[in-house]
Amino acid sequence: MSIHIEERPILYGLMAEFDTPEDLIRAVERVRATGFRQVEAYTPYPIEEVSHALGLHHSWMSLLVLIGGILGGTGGYLLQYWVNLYAYPMNVGGRPMHSWPAFIVPTFECTILMAALFAVFGMFALNGLPQPYHPVFNVPRFAEASRAHFFLVIKAADPRFDRQATEKLLSDLNPSEVAEVEV
Amino acid sequence: MATIDERAMLPDGLPEKPYRPPVLAPGYTPGTVTDKISSVVLAKTPRWWYVAFGLSFCVMMLFLASVTWLFAKGVGIWGVNQPVGWGFAIVNFVWWIGIGHAGTLISAILLLLRQEWRTSINRFAEAMTLFAVACAGMFPVLHLGRPWLAYWLFPYPNTMGLWPQFRSPLIWDVFAVSTYATVSLLFWYVGLIPDLATLRDRAKNRVSQIFYGFFSMGWRGSASHWHNYEAAYLLLAGLATPLVVSVHTVVSFDFAIGIVPGWHSTIFPPYFVAGAIYDGFAMVLTLTIPLRAAFGLQDFITTRHLQNMAKVMLATGLIVVYGYGIEIFFSAYSANRYEQFMILNRITGPYHLHWILLIVCNAIVPQLLWFRKVRTNPVPLWIVCMFVNVGMWLERFVIVITSLHRDFLPSSWGMYRGTIFDWGTFIGTIGLFLTLLFLFIRFLPMISIAEMRALTPGSRGEGMETPE
Amino acid sequence: MNESDDQKPGPPTEATDAIGRMGQSTPIDLEAVQEKLRAEPGPAMWRSLDELAGTPDFQEWLHREFPRQASEWVEPADDGVSRRAFLQLAGGSLGLAGLTACTKQPLERIVPYVRQPEEIVPGKPLYFASTHVHGGYGYGVLATSHTGRPTKIEGNPDHPASLGATDVFAQASVLDLYDPNRSQAIVNLGRIRTWGAFVNEASPLLKAQQALGGEGVRILTGTVTSPTFADQMKTILAQYPKARWHRWEPAAAHDEYRAAVAALGGPHDRIYDLTQAKVILSLGSDFLTQGPGSLRYSRDFSRGRQVRAKRPVMNRLYAVESMPTNTGTLADHRLPLPPDEVAGFALALAAALGVASGAPAAPLSPRAQQLVAAVAKDLQANPGASLVVADGYAPQAVQVLALAMNEKLGNVGKTVRYIRPVEADPVDHLRSIQELVIDLNAGKVEALFVLGGNPVYTAPADLGFAAAYQKARLRVHHGLYQDETAQLSQWHIPEAHPLETWSDARAFDGTASLVQPLIEPLYESKSAHELLGLFANQIDASAYDIVHAYWQKNLHAAGAAGGDPEAAFRKALHDGLIPGTAEPAVTAAVNGGAVAQAAASISGAKPDPQAITLLFRPDPTVYDGRYAGNPWLQELPNPMTKLVWDNALVVGPALARRLKVQIEDVVEVSIRGRKVKAAVWVQPGHADRSATLHLGYGRWSAGPVGNGRGVNAYALRTTDALWAVAGIGLKRTGDTFNLASTQNHHLLESGTDEMPTAEKEVMARRPVRTGTLPDFLKDPNLVHEKPGLPKTPETTGAEDLTLYPRYEYKGYAWGMAIDLNVCTGCSACVVACQAENNIPTVGKEQVLKQRAMHWLRIDRYFEGDPDDPQVHHQPVPCMQCENAPCELVCPVAATVHSAEGLNDMVYNRCVGTRYCSNNCPYKVRRFNFLRYSNHDVPVLKLRENPDVTVRMRGVMEKCTYCVQRINRAKIDTEVAGRTVVPGDVQTACAQACPTEAIVFGDNNNPAWESTKRKADPLNYALLEELNTRPRTTYLAKLRNPNPDLLGATPEGKRI
Amino acid sequence: MPQIFHRSTNTIAKVSIFGGVFILAFVGWVYSELLRSHYVTGQDVVKPQPVPFSHEHHVAQLGIDCRYCHTSVEKSSFAGMPPTSTCMNCHKQIWTNAALLEPVRSSYSTNMPLRWSRVHDLPDFVYFDHSIHVAKGVGCATCHGRVDRMPLMYQNASLQMEWCLDCHRNPAKYIRPKDQVFNMAWQPPADDPGLGARLVKDYHVLPPRNLTSCSTCHR
């Protein structure tokens, strides 16, 4: 597998392809150790070690979902309270206006609904989806990322990025291939 | 690919050690898994698919016809009357909703319980859930006297200054079912995204590239994607779990809140939820067993899966049977004349055949599942499941009709019979269900590829199991 | 379904048709048929009527034009959906979807008067005093008119025969006025003609006859009490001395006349004063619901029977009868006996009272003997305060004995008085029509005028009237419908409906009152008076001229306000009765010879223990068949059998067992070669060895509503056996026929194993609570002291078992109290409710599907031995529960509570989930499963009450205590600056009730009768253990048994 | 692999998703406005009439009292439409041959009634009663507007349920002394804010709980 290097005006970064998760993890650790920060790994299925190696620990998801749940719950209950005591009070089968036990069910459902919506759209937001166009797709081999192979990309934006040195670094990590990623 | 002879893999000299078949036949790599499953979608459409789809489409047309007639004439074309104001429509509603429980349950609860065997069936089960809920969701609208006013059940500001009546279980239904439908859809879609990306990258022609590309939203499988994705997926599972329990609880409230003897009972929520899971799993098996053969997916949906689902059915089935028992006990113990008569009438009255059949289908036949031979052997297992499907429909029929047809005042007692339009609507929804299902298995991966990859040997996926 | 062997007009295939047509109907294209009709102009169209009538199109057209049978709205299960219909619908359903968006209303027009009559205030109804005439006799009514449209009939409180009450016939009569099947034009041999044309043909003939003294002229009418009519007849008979006036009233109490003539020496009427009677014996007489005095008798009887803790006294009623009657169901002791044994009983009793000698041919059962002894003792203990009633259809001998017994008991002048006959020129109707037939067959009849009546259908079968009738040269029929007689007449003159014209009539006690029109005749029609004008050469005299002229002469004689007769006329018109016209009592003595003869005829009859006697009785809803075209009455459940749209051969359980027949089995009833096939109905309480067949069904020219319903009893009814015929043959045919009953239908249907379940449950649940007077005196709370029924504030004022705070109902709190002790089940309330609230009828097919729409139903329960049960009637309107289960479950708040405690039902908000109906323990909610209310026939819209919304399909509806009346009363009183007090408002059912069983009022105001009742210990709430806190409550039913009969009888049976 | 989508799609996609929320909100707003629009309510729309009758002229300029024509407004649910004879009372004398009035004259002579278009048309399931509203001090102008300023009659208020409820929930805002009911120009006195509440008490106007009971207007 040859590395064909041509001068390109704009470069997104360099991409290394690995056959096994182990190689990828080792590679990530090495690259991080050398001080690279603008690094991204691509795997066909979630691998915790990779995230750890990339220093991804905390996620905002849970907080988003909590907020969603609280909004939904309070909103749902307040709606019923307002409707039954202010909007149009009615004597329904002799039951009290504020029949809180009856209001629990819709409240619960609203809580779940809002929380779920926050979870999904929150995930999109945090992942910057939808993003149909992305530089990495320019690399033909990248199709393997959604199959069986593992990729590492060091972005040109990284201060330590140096075309030659970085390529050298990557090729030492026993990749099956290293490729340029055009913007 | 032919079925693996599991006996062949028995380690010698250990016959007494109970053998647990793997959740994924050996010899698979992420690559082969991907190719195998995506090929189902990307390969040429098999001829039998057209036949099956065509048939179910015709049945769906029956539904359309019945509903058109219904809207033109009114619910009077059904068998409903005084005193039996609810008939097939509500029976079907509860039945479909029940079926719609397995999917989310498998995906959510089993995920939280780290039951990795769920992986190969959850996608399919979720899809089934969606379609079942779609079928169920229509009945509450269809059974209205004035269906075109169904939107009055939603809280929205209007010029009448009127709002829904939040004390009514029917309003709870609106909230529960619509929430359940939405969350199930999201859950299913989120799970699909990585696989859609896979298909996008495998697709040959432009159209399918755009189709899958559009819905995969530019998924790249980057570590940070996976990071948030996993969190979101887990949280959704966490939310779906109480939801799935709540939905059939709320459905049971439709009856439990009423004062009708045979409805007004505190046992209903647990008993309905259990029944729903029971029925749901039965339906999953009913559909997976043939499909797994059709697409030769025995390596992914192994005997292990059949076994486990059968076990779940057995367990929930027993809870349901307990429910039947407790109902009878309650009525006897309550010293409530109406309750006592209701049970007596249910068992010995004009509808006693329905009741007996229901006991046979739900309580007696499923006891076969105690035997491993039945659990592991697709054909008898499938037959048992069919019994349960029928039995659970009968259960709802018995609850709705026998409770209503003879309630408090003997002067108002009556009988109920479904008309051809009742049957047309019911069978029609089965057609609708199958139509959607066939579209699904044709155009979407019916097994979660990404999660299967994680199960392959050597992968460092989570919850990965090293095979014996 | 009729195969009598003497030739009868009308298609012979009726039988097959009648059965065949049931339950099947096809959707039709109204436009097409109407096009077809429009295509042929004017008279031509009518000439083609006959041809048309044959075509299915025409049948359908009638069906569709009058689609109270909503049948054509459903596809019968067998023939599915026609492709054409389906395609129409595919479009239709889309259109439907479109409709939902449409919120704009079409432009509506206001059309004011050009010159507004000063009495009319648009939006306010007017009430006119008039007279309802039924079977010749009248009683005063108040007719409601909305801007010129009569919409409702109520009783006239000032009229002695009504006292404000009405019966089912009066309530339903307003529908007849708008019946699209009424005959609408003068028809001569199927061709529309003018009045003038008729006059031109009739007058020369009459002129010729006048010369001959009118020997060829015959006039046939029913019972006539109208003074004006009688006066006209008098003048006519003076002009035509040889002319004859025949009478045939098929359901008149012929034997009353004969008994009176035989025993009293003259056709005196008997008038009873039930307020004075402590002990009453009914010998097969249904005096509370049948006969011209029934409304008044009901009121008087109930006054003596409304037991309260403060007034714990009640009269005692014995009933000995074969077919259970409404009267019998109220009896403290009821003994079902076959007709011959009823006679035997009467004789034995007469003997015991010493008015007659001899013993019944067949010895009485020990039980009957015991009853005889007890009754005799009881009667003798109350001389002058007792009463023996055999009026109506009991045989002459029994009625004679009854007269004798009353005389012996010193009741004459106290509880019973004789008056000169109210019927004008009374005759024996049977002999009268026999003579007519003889003359007809002898060819003596030049011109026969049939005024009212329908003899071709109702005349005794052995007279062969239809055949004889056609021997008359000129046959003129005058009636509301083109009925069977009209079919065989050359001329049919449409009769003006009583709400369209002027007339008068007399009540059972002789009180005369005027019939006044509320509306111009809808069609070209004539009143009987105008028709008679023909004879007196006053061809163009209007009914008003004739009636007015008569009373101008006679008001003074009638003793009405002296001086200005015009003023007196106006006053009589306004008051609804002519004062001083009630007949004074006359004295008459029973002649012993007649009694002895009667006794002999009973003891002489040779007993035949096997013979089955068939009883003919007028139907409680369609009477003698004249109301067969009225869907309200067709769909009104028979008080006993709860059958609708059909009659059936009613037999007792004992006979059914012996014949091995079940409900709905078709049997062939034969008597002397005459046969009809009839479906069997097993009626608990019907005597053994006897069966009952109601008149009025099996008609073949009664329009789409009445045609081919049930079986024609007249086909079996002969001159020698008008009301009972012994020795009939019953043969099972093996066929069955669907009978529609509104209660327990399927329980009965599914055979012997089911009925006990229902009955056991009734006993256990006690929807109707009962007790006896002695027990009540011991313990006023007896109806509450039963185990298993927790108390609620209604009964004991104990604290309410609920977690919720109680709602306070300040201001009005509407409520209703129903005294089961006096409910006869007459069903006037049901029809009144239907008329007031625009309740649609749904047709037999829908009733079979258990979709009857009556908001107010009368539950009928049997207690005890099926051969001799106690029967209870329980009117069940909406209970207006304060803790309404229905409201809780409505998702759109379409049914919620008003501030006055009404369980409001908002039709325009209802989406039709039917959950409320499921959750209603009383099942009083009614659902429009299909499009039941008629939007197609304009004339029917005129009938509707403008104050009540007409419900569309898919909407729940129910009783709201006539909230439109409540609101009107509230508004009127508020405008007048006061509050609603007793008398300001009544629900339709309460207003119609002859026995004051139903009363309505404001629970927060002790002045109302209903409030007083609720305070009584007898007051209980239906299913009160559910704590629904109903606003409608009931007073328990008490019996006042004879102490001597409380012990076990020889057969160990309760009497 | 080649790119399937163009760069721009990224922005388009994001906007379409997150903008969707606002689009939905906007659609909802438009719908609710539409429901209250004059097109739907028929408010302020002049309907074609057989005779261009001017309330402005008859009320403001001639000073004819409402009850002269609408005779039953105080005693019936229906305010009453004047019979042709009422018109002719005056128009026998004045404008006896005005072309405009030809329909009236012909109606009078031929005895064929005039067919007016109903301006205030409530749905048939709503039971409004003029007499009680007048008796409780609800002025004509309160619902019908300044009829004395309408050359041609048009519907003044939306007549939607929320509009009725507004007054039934708080009559004090609207009712006036009974003697002012037929006064078009009456304005609540600025110096006496308590008047409404006082009148509600004096006229025994039922509490909102009664006035908003369904059966008050629907049967």
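In the text below, chain A, chain B and the rest are named by the order of the sequence lines, each starting its count at 1.
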[X] versus chain C, heavy atoms under 4.5 Å apart: side chain, backbone, both or neither?
X: Ile90(B); value: neither
X: Val174(B); value: neither
X: Phe253(B); value: backbone

task = Select, from Pro885(C), Pro767(C), Cys890(C), the one with the greatest count of heavy-atom pairs under 4.5 Å involving chain B.
result = Cys890(C)
Between [X] and [Y], is there a donor-acceptor pair closer than 3.5 Å when you use the side chain of the first and the backbone of the second?
X: Trp78(B); Y: Phe929(C); result: no
X: Arg914(C); Y: His143(B); result: yes
X: Arg337(B); Y: Arg765(C); result: no
X: Arg851(C); Y: Gly76(B); result: yes

query = For Trp263(B) and Asn918(C), what are the C-alpha separation, side-chain angles and deciding distance, and is it a side-chain contact (heavy atoms from CB on, under 4.5 Å)?
reply = CA-CA 11 Å; Trp263(B) 285 9; Asn918(C) 291 347; 3.9 Å; yes
task = Establish, from distance only, whether the side-chain atoms of Ser412(B) and Arg857(C) form a donor-acceptor pair under 3.5 Å.
result = yes
Tyr915(C) versus Ser168(B), side-chain donor and acceptor atoms under 3.5 Å = no
Heavy-atom check, side chain of [X] versus side chain of [Y], under 4.5 Å:
X: Asn81(B); Y: Gln846(C); answer: no
X: Lys923(C); Y: Leu409(B); answer: no
X: Leu162(B); Y: Arg909(C); answer: yes

